[in-house]
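Report on the structure given below.
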Amino acid sequence: MKRKEILWLLTGCMLLFTPIRAEAVTLPDLLPIGTINVPEDMPEEGTEEIPDDGQNGGQADSRTVDGSISSNTAEESGTGEDVPEETTQDNQGAVVESGDSSLQDILGGGAIGSVAILEATKTEKEYAEAYEKAKNANWGYTNLGIAHVDNNLNVRAVAAEDGKLVGKLPKDAACEVLDYDGTWAHIRSGKVEGYVSQEYLLMGIPAKRRAEELATTVACVNTEGLKVRAEANTDSEVITLVAQGEELEVSAVEGDWVKVYLDDEEVYVSAEYVEVSSELGTAITMTELFYGQGVSDIRVDVCQYAKEFLGNPYVWGGTSLTKGADCSGFVLSVFKKYGVSLPHSSVAQSNLGTTIKVSEAKPGDLIFYGNGKSINHVAIYIGGGQVIHASNPKSGIRISNTSYRSPVKAVRILHD
């Protein structure tokens, strides 16, 4: 009898200490991601928090339903690298730069993680489209590059220092980085495609941060002959007309009117006839200077010399091609190099030389603009329907279409 009691006691002890293994119930694999509705009382992410016992470097672990332990440290992710603050990771682990619209914003807000996926009602196609949209949210660039130079970055036809020059990427202008090898970057910007020294190009997060500082809000004209007015009402004086497709820099949006810069003046256009967007500068082609038959070497030189100062600052009353000039100061200083003395006034300059039709202008001639009453701006015609001028404090020295506003007069200073 005593032997039986001992056997029963041993059997009970064995049963008491034998672990009971419970199999977790998992969702069927065939359920499409993004279409699962989770009950409100379902435990969040199927995890339980394991208190920090001081042996995990101060990081709390999460135990999943299958008993495995995941850590919140970057080293446990399998990459061994910290993910920068301004990046996210897609569900394949790829690091994606945050654009103006994050993946969270596009998917309707909230955290990106297993809970968001389980509770969302997006299809796989919608997730793919959202990812592509987020990836391309950097002002239309997939792999954004910004010229990090004092003046202009040369764009060459081949990846070599003696390669043919095909364009220039002005300071802080943007480009699409197609490829790079650590020395040269293959880029596309505006009408220019070629190679630039990678040393002078910002890419990745530094490029995005710089672009956020540089992006200019512009109003693109979507009607032919848009009236530019002195004040924000239809009774106000019409200063000039702007051609369809031209872009004006925005100062402020005021209800039905958009305040824009017309060179160094702030004026108004109807919001109904413009499309406002954020833009970055792009490269300039070497072929944008069009020289017709019979154009003299001195005219070519004047235009090429003027272009050397693209992107330099606008300063009211200034005459320095590097530190800053206003419109007439820029023209004065360019022509001074060629022995031509001009007054520091657009009105005075318009009364010199020979008056010609705007349609007859050759590279090196002067084009004048007005505010409806009198001349208040001057530019140098560089051929191909374009002018170079010191525009305003935001743009500095830039190239514009001759018809970016209605020309008032053209004058020929160079007689060759």
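This is a predicted model, so every value here is computed, not measured.
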Pairing donors with acceptors under 3.5 angstrom, does anything connect the side chains of [X] and [Y]?
X    : Y    : value
H389 : S400 : yes
K168 : N154 : yes
D263 : Y404 : yes
D264 : Y314 : yes
N222 : Q244 : no
H148 : E199 : no

Value rounded to 0.5 Å, distance of [atom1] in [X] from [atom2] in [Y]:
X    : Y    : atom1 : atom2 : value
I146 : S189 : CD1   : OG    : 9.0 Å
S346 : K409 : OG    : NZ    : 11.0 Å
I367 : S403 : CD1   : OG    : 11.0 Å
Q198 : Y180 : CD    : OH    : 7.0 Å
E272 : L226 : CD    : CG    : 10.5 Å
Y369 : S406 : OH    : OG    : 9.0 Å

Tell me whether [X] is salt-bridged to [Y], with the criterion being a basic N under 4.0 Å from an acidic carboxylate O.
X    : Y    : value
E254 : K259 : yes
R210 : D172 : yes
R209 : E212 : no
D365 : R299 : yes

Item to complete: Would you please test H344 and Q349 for side chain to side chain donor-acceptor pair (under 3.5 Å) and show each step?
Response: CA-CA 8 Å; H344 192 179; Q349 289 177 1; over 6 Å; no
So, for [X] and [Y], which heavy atoms are closest and what is the spacing to 0.1 Å?
X    : Y    : value
Y305 : L321 : OH-CD1, 3.5 Å
N376 : E265 : ND2-OE1, 2.7 Å
V221 : V274 : CA-CG1, 4.2 Å
G370 : R405 : O-NH2, 2.7 Å
I375 : F368 : CG2-CD2, 3.9 Å
G245 : C220 : O-SG, 3.9 Å

Item to complete: Mind running side-chain contact (heavy atoms from CB on, under 4.5 Å) on E231 and W257 for me, showing each step along the way?
Response: CA-CA 9 Å; E231 301 295 337; W257 294 88; over 6 Å; no
When you compare the side chain of [Y] with that of [X], does any pair of heavy atoms fall below 4.5 Å?
X    : Y    : result
V218 : V276 : no
I413 : L366 : yes
T240 : N371 : no
F335 : V302 : yes
L178 : R188 : yes
V411 : T354 : no
D326 : V315 : no
V192 : L169 : no

Test your reading of the model: is there a side-chain donor-acceptor pair from [X] to the backbone of [Y], 3.5 Å cut-off?
X    : Y    : value
D301 : Q304 : no
S350 : V347 : yes
S391 : R398 : no
S333 : T319 : yes
S251 : Y261 : no
E176 : N143 : yes

Does a sphere of radius 6.0 Å around [atom1] in [X] hold more than 12 heavy atoms from other residues, nucleotides or ligands, not counting ones at 6.0 Å or beyond?
X    : atom1 : value
K227 : NZ    : no
N351 : CG    : yes
E161 : CD    : no
E308 : CD    : yes
D181 : CG    : yes
K394 : NZ    : yes

Discussion item. Assess the residue pair V155 and L165 against the criterion (side-chain contact (heavy atoms from CB on, under 4.5 Å)); give the C-alpha distance rounded to whole Å, side-chain angles, the decisive distance to 0.1 Å, and a yes or no.
Written reply: CA-CA 6 Å; V155 185; L165 205 61; 5.9 Å; no
Worksheet item: Would I399 and V387 satisfy side-chain contact (heavy atoms from CB on, under 4.5 Å), going step by step from the backbone distance to the final call?
Response: CA-CA 6 Å; I399 288 177; V387 293; over 6 Å; no
